[in-house]
Amino acid sequence: MNFKELLIRAKENDAWAVNELTAMYKPLLIKESVVDGAFDEDLYQELWLTMLSCIRTIKI
Amino acid sequence: MWQRNDGTGESNILQNEFTAYLGTAIRRRKVQYLRSKIKLQHYELSLEIHDYFKGFLTEPDMILNLPVIEQLENIRLQQALRQTKSRDLYIFLAKALEGRSNIEIAHELGMGDNAVAVAYHRMIQRLKKVLGGENE
């Protein structure tokens with residue numbers, strides 16, 4: 001399965017596809033959640049929600 | 001399972017687009033989050049009277065021994081006391097709470113006793129003005 005199919009399935013709320021996508025982008029979220037050398041869990045949650053909304057809103 | 005993305009082909013291009021879209025959204029959200037956090041911290045700090053006074057009060061011991069300001073129930077009086085200069089506040093508290101005389105305070109601060117009397121008087125006037133609405 002390539003990325004396009006995965007994204008389309010994720011947009012249709014397929015749990016497996018969403019899991020795959022979030023696993024792919026988890027390192028990015030973790031990297032951005034580090035503020036002044038400390039991991040900010042609240043920020044991580046916010047970014048996670050942002051990512052879920054991005055999956056929903058992106059136009060293919 | 002995943003092959004390296006070389007930017008060719010519809011799927012790879014879509015992936016790059018999604019990554020860019022996500023990156024921008026995440027950075028915006030992060031800036032927003034940090035701003036609101038700083039704002040929150042600002043409000044939280046301004047309620048900590050010890051931190052607030054630390055910067056400009058010449059006698060930190062004095063304020064530590066005086067939880068009085070924190071216990072004041074009148075918010076307007078609290079704010080007025082916080083806004084006064086440290087010297088005036090010192091004079092006011094020394095006179096009103098400890099009952100010391102003008103001359104004693106004047107010696108301690110190295111100023112004339114008339115100046116102390118004037119500063120105290122002005123302080124009282126200002127407090128009256130601030131609190132006037134309630135006492136009338």
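We name chains A, B, ... by the order of the sequence lines, and we start the count at 1 in each one. Just so it is clear, the values below take in all heavy atoms, side chains as well, and ignore hydrogens, waters and symmetry mates.
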What's the verdict on side-chain contact (heavy atoms from CB on, under 4.5 Å) for Q15(B) and M24(A), showing C-alpha distance, side-chain angles and the deciding distance?
CA-CA 11 Å; Q15(B) 183 176 5; M24(A) 270 169 87; 3.1 Å; yes

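Using a 4.5 Å cut-off between heavy atoms, L28(A) contacts chain B through its side chain alone, with no backbone atom that close. Only the side chain of L7(A) comes within less than 4.5 Å of a heavy atom in chain B; its backbone stays farther off. There is no contact between R28(B) and chain A, counting heavy-atom distances below 4.5 Å. Residue I13(B) does not touch chain A at all, counting heavy-atom pairs closer than 4.5 Å. In this structure, no portion of L49(A) lies under 4.5 Å from any heavy atom of chain B. Only the side chain of E10(B) comes within contact range of chain A, judged by heavy atoms closer than 4.5 Å. Heavy atoms of T57(A) lying under 4.5 Å from chain B belong to its backbone as well as its side chain.
Considering SG of C54(A) and CZ of R29(B), their distance stands at 11.5 Å, rounded to 0.5 Å. Going from atom CG of L34(B) over to atom CG of D40(A) covers 7.5 Å, rounded to the nearest 0.5 Å.
Using a cut-off of 4.0 Å between Lys/Arg side-chain N and Asp/Glu carboxylate O, K37(B) and D42(A) are scored as not salt-bridged.
A continuous path of hydrophobic side-chain contacts links L43(A) to V34(A) [ILVMFWY only; heavy atoms under 4.5 Å]. Hydrophobic clustering of Ile, Leu, Val, Met, Phe, Trp and Tyr side chains at less than 4.5 Å, counting indirect connections, keeps Y120(B) apart from I103(B). Residue I8(A) is grouped with residue L21(A) when hydrophobic side chains (ILVMFWY) are merged at heavy-atom distances under 4.5 angstrom, including chains of intermediate members. Note on F39(A) and W48(A): same hydrophobic cluster, where clusters join Ile, Leu, Val, Met, Phe, Trp and Tyr whose side-chain heavy atoms are under 4.5 Å apart, directly or indirectly. When hydrophobic clusters are built by joining Ile, Leu, Val, Met, Phe, Trp and Tyr residues whose side-chain heavy atoms come closer than 4.5 Å, directly or via intermediates, V18(A) is grouped together with W16(A).
Remark: the backbone N or O of L47(A) is not paired with any side-chain donor or acceptor of K30(B) at under 3.5 angstrom. In this structure, T50(A) contributes its side chain and I26(B) its backbone to no donor-acceptor pair below 3.5 Å.
Between F3(A) and S11(B), the shortest heavy-atom contact is N-OG, 3.0 Å. Scanning all heavy atoms of the two residues, the minimum distance from Y33(B) to E46(A) falls at CD1-CG, 4.0 Å.
Put simply, the side chain of L22(B) reaches to within 4.5 Å of the side chain of Y25(A), judged on heavy atoms.
Annotation for E41(A): atom CD does not count as buried by contact number, only 12 or fewer foreign heavy atoms lying within 6.0 Å.
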